[in-house]
Amino acid sequence: MEGDLHQILIPVRDYDLAATLSSGQAFRWRGRDPQNPCWDGVIAGRWVRLAAVPGGIVARTAVPCADWHWLTDYLQTGVDLEAIVATFPEDAPLRLSVAACRGLRLLRQDPWECLVSFICSSTKQIVQIQQIVDRLCQGHGEAVTVPPDASPAWAFPSPARLAAVDEAVLRGCKMGFRAPYVQAAARAVTAGRLDLGRLRGMSCAAAREALSDLPGVGAKIANCVLLFAYGFQDAFPVDVWVMKALRELYFPRRRPSPARLQRFIDTYFGPNAGYAQQYLFHYMRTARRKSIESPAVIPSNVPRLI
DNA sequence: TACCAGGAGAGCG
DNA sequence: CGCTCTCATGGT
């Protein structure tokens with residue numbers, strides 16, 4: 001592998017690639033060949049195939065590559081997961097969530113792609129979001145170089161490109177009432193009213209406000225972008241799944257007011273609340289669902305914490 | 001068929 | 001505030 005500019009082994013431990021790439025934070029990864037599992041995707045305009053191996057993650061590109069920082073940054077292979085999990089509060093729900101999927105990670109995605117993807121995510125299932133994003137890329141993104149054994153692939157369309165297409169064309173990507181929101185975001189970025197790069201230097205709260213100025217972007221979607229693209233690890237998106245987890249696991253008596261809930265989120269989960277959120281989300285969607293068939297996995301009485 | 005999906009915004013009392 | 005309704009589309 002030395003000197004091979006198309007392939008690299010990224011050494012990392014405690015990294016569940018499959019869970020991370022299919023956990024609803026990114027929507028462009030396609031698993032192929034269940035016998036020898038690997039994942040095809042496009043990052044920053046480059047096609048890449050990833051596979052988990054004993055020592056870490058093997059990546060293969062279609063074009064030669066001397067500097068792999070774009071990939072290690074995306075995958076966040078440098079973060080010390082052990083240290084992050086250690087900051088979680090010690091309670092039964094989080095212990096179960098971490099045990100159910102050790103190695104689940106947060107990615108560091110491109111802000112524009114992340115923003116548009118999550119604008120399209122509202123009241124959509126993950127498979128549908130994947131379809132919308134696929135159509136968006138295939139219809140409006142630049143084709144990228146792929147190896148002979150891979151499916152054709154496209155980069156995520158630029159703000160300028162999406163600002164130029166008609167709303168009806170966006171609706172053709174099956175995003176429905178979200179089309180004008182995507183168009184407005186594209187125009188805000190293209191016109192310079194929203195500088196996505198500048199958000200990096202902002203506080204989490206200021207960046208949240210800037211994003212929330214966009215139509216179709218409320219607290220939930222803003223928090224997704226803050227967490228998945230900018231790495232604000234205290235951002236805590238609350239969707240239907242996480243709300244379900246919070247209510248069942250932490251507020252089993254009566255449902256808290258929005259203000260009470262927000263205060264709980266801000267104070268309880270600690271500096272890596274976003275990671276905690278991702279574990280709860282994944283647990284509710286997967287491990288807990290399976291538990292319907294094997295109820296023994298789930299304790300019937302999760303300790304009441306509040 | 002009916003229900004609902006990693007929501008947001010507007011209209012209401 | 002807190003509730004309800006609507007928006008568009010397709011998976012299950």
Side-chain angles (χ1 to χ4, degrees), chain A residues 19-30 97 100-101 104-107 109 113-136 138-139 166-185 188 194 208-230 232 235-249 251 254-263 265 269 273-290 292-293:
Chain A
T20 300
L21 298 182
S22 64
S23 63
Q25 50 180 319
F27 303 100
R28 301 201 59 198
W29 293 99
R30 296 294 174 267
S97 300
C101 192
L104 176 63
R105 303 283 188 134
L106 288 180
L107 302 168
Q109 301 178 56
E113 175 172 344
C114 190
L115 173 62
V116 173
S117 297
F118 277 95
I119 286 175
C120 294
S121 76
S122 65
T123 47
K124 283 291 182 192
Q125 300 178 115
I126 291 176
V127 279
Q128 292 180 275
I129 303 166
Q130 292 172 339
Q131 291 170 355
I132 293 170
V133 175
D134 271 350
R135 286 187 157 97
L136 212 42
Q138 192 168 151
D166 195 67
E167 180 187 315
V169 177
L170 291 179
R171 285 179 183 267
C173 298
K174 306 304 179 185
M175 65 178 72
F177 62 85
R178 305 154 194 84
Y181 299 155
V182 169
Q183 191 177 54
L194 175 63
R208 182 183 294 114
E209 275 197 47
L211 290 171
S212 301
D213 280 343
L214 296 168
V217 179
K220 193 273 173 179
I221 289 175
N223 280 327
C224 284
V225 179
L226 293 172
L227 182 63
F228 301 141
Y230 289 99
F232 288 106
F236 194 99
V238 179
D239 63 24
V240 290
W241 288 103
V242 173
M243 180 62 85
K244 188 170 156 60
L246 292 176
R247 284 178 57 179
E248 286 183 12
L249 304 174
F251 296 89
R254 60 178 182 279
R255 60 189 257 173
S257 69
R260 176 83 179 81
L261 187 69
Q262 192 57 52
R263 197 172 68 78
I265 290 167
F269 290 104
Y275 265 93
Q277 175 273 160
Q278 197 65 13
Y279 276 92
L280 289 171
F281 175 73
H282 193 269
Y283 176 58
M284 292 300 284
R285 281 188 64 235
T286 59
R288 210 151 183 281
R289 181 184 321 205
K290 289 177 202 154
I292 295 169
E293 293 136 30

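The sequence lines fix the lettering, A, B, ..., with proteins before strands; numbering per chain opens at 1.
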Contact class for [X] vs. all strands (heavy atom < 4.0 Å): base, sugar-phosphate, or nothing?
{"X": "Leu214(A)", "value": "sugar-phosphate"}
{"X": "Gln130(A)", "value": "nothing"}
{"X": "Ala259(A)", "value": "nothing"}

Item to complete: Let me know, please, whether Ser212(A) or Val238(A) comes out on the 5' side of the other along DNA chain B by nearest nucleotide.
Response: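 Counting from the 5' end, the first nearest nucleotide belongs to Val238(A).
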Worksheet entry | Counterpart residues, side chain to side chain donor-acceptor pair (under 3.5 Å), relative to Gln262(A) (two or more places apart) |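 Counting only residues at least two positions away or on another chain, Gln262(A) forms a side chain to side chain donor-acceptor pair (under 3.5 Å) with Asp266(A).
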Worksheet item: With Phe269(A), which residues qualify under ring pair (Phe, Tyr, Trp, His ring centres under 6.0 Å), at least two apart?
Response: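 By the ring pair (Phe, Tyr, Trp, His ring centres under 6.0 Å) rule, Phe269(A) matches Phe236(A), Tyr250(A), Phe264(A).
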Worksheet item: Can you name the ring pair (Phe, Tyr, Trp, His ring centres under 6.0 Å) partners of Phe118(A), sequence neighbours left out?
Response: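 Phe118(A) satisfies ring pair (Phe, Tyr, Trp, His ring centres under 6.0 Å) with Phe27(A), Phe228(A) only.
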With sequence neighbours left out, what residues match [X] under side-chain contact (heavy atoms from CB on, under 4.5 Å)?
{"X": "Asp134(A)", "result": "Arg30(A)"}
{"X": "Ala179(A)", "result": "Glu167(A), Leu170(A), Arg171(A), Met175(A)"}
{"X": "Glu209(A)", "result": "none"}
{"X": "Ser23(A)", "result": "Gln25(A), Leu104(A), Gln278(A), His282(A)"}

Worksheet item: So where does chain A start and stop touching DNA chain B, 5' to 3', when the test is distance under 4.0 Å to a non-hydrogen atom?
Response: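 Using the under 4.0 Å cut-off, the span is dA5(B) to dG9(B).
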Side-chain contact, heavy-atom cut-off 4.5 Å: [X] with [Y]?
{"X": "Glu113(A)", "Y": "Leu136(A)", "value": "no"}
{"X": "Leu214(A)", "Y": "Tyr181(A)", "value": "no"}
{"X": "Leu107(A)", "Y": "Leu21(A)", "value": "yes"}

Item to complete: Output yes when a side-chain donor or acceptor of Ser97(A) lies under 3.5 Å from a complementary backbone atom of Tyr283(A), and no otherwise.
Response: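 Flag not set: sc Ser97(A) to bb Tyr283(A) has no pair under 3.5 Å.
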Fill in: Atom P, compared across dT4(C) and dC4(B): separation rounded to whole Å
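About 15 Å, rounded to a whole number of Å.
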Discussion item. Measuring only the P atom in each nucleotide, how far is dG6(B) from dT6(C)? A whole number of Å is fine.
Written reply: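 Straight-line distance between the two P atoms is 22 Å.
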Worksheet item: What pair of heavy atoms forms the shortest contact from Ala185(A) to Leu115(A), and how long is it?
Response: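 Ala185(A) and Leu115(A) have their closest heavy atoms at CB-CD2, 4.4 Å.
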Discussion item. Can you give me the dot-bracket string for DNA chain B, 5' to 3', counting Watson-Crick and G-U wobble pairs with both distances under 3.5 Å, using [ ] for crossing pairs and | for partners on another strand?
Written reply: .||||.|||||||
For a quick test of your reading: what N or O donor-acceptor pairs under 3.5 Å do the side chains of residues 215-224 of chain A make, sequence neighbours left out?
from      : atom 1 : to        : atom 2 : distance (Å)
Asn223(A) : OD1    : Arg208(A) : NE     : 2.9
Asn223(A) : OD1    : Arg208(A) : NH2    : 3.0
Asn223(A) : ND2    : Ala219(A) : O      : 3.1

With the criterion being N/O to N/O and under 3.5 Å, what pairs connect the protein with nucleotides 8-12 of chain C, and how long is each?
from    : atom 1 : to        : atom 2 : distance (Å)
dA8(C)  : O4'    : Phe177(A) : N      : 3.2
dT9(C)  : O2     : Lys124(A) : NZ     : 2.7
dT9(C)  : O2     : Gln128(A) : NE2    : 3.4
dG10(C) : O4'    : Gln128(A) : NE2    : 3.0
dG11(C) : OP1    : Gln131(A) : NE2    : 3.4
dG11(C) : O4'    : Gln125(A) : NE2    : 3.3

Discussion item. What residues from residues 21-29 of chain A pass a heavy-atom cutoff of under 4.0 Å to DNA chain B?
Written reply: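 When residues 21-29 of chain A is checked for heavy atoms under 4.0 Å from DNA chain B, the hits, listed by number, are Ser23(A), Gly24(A).
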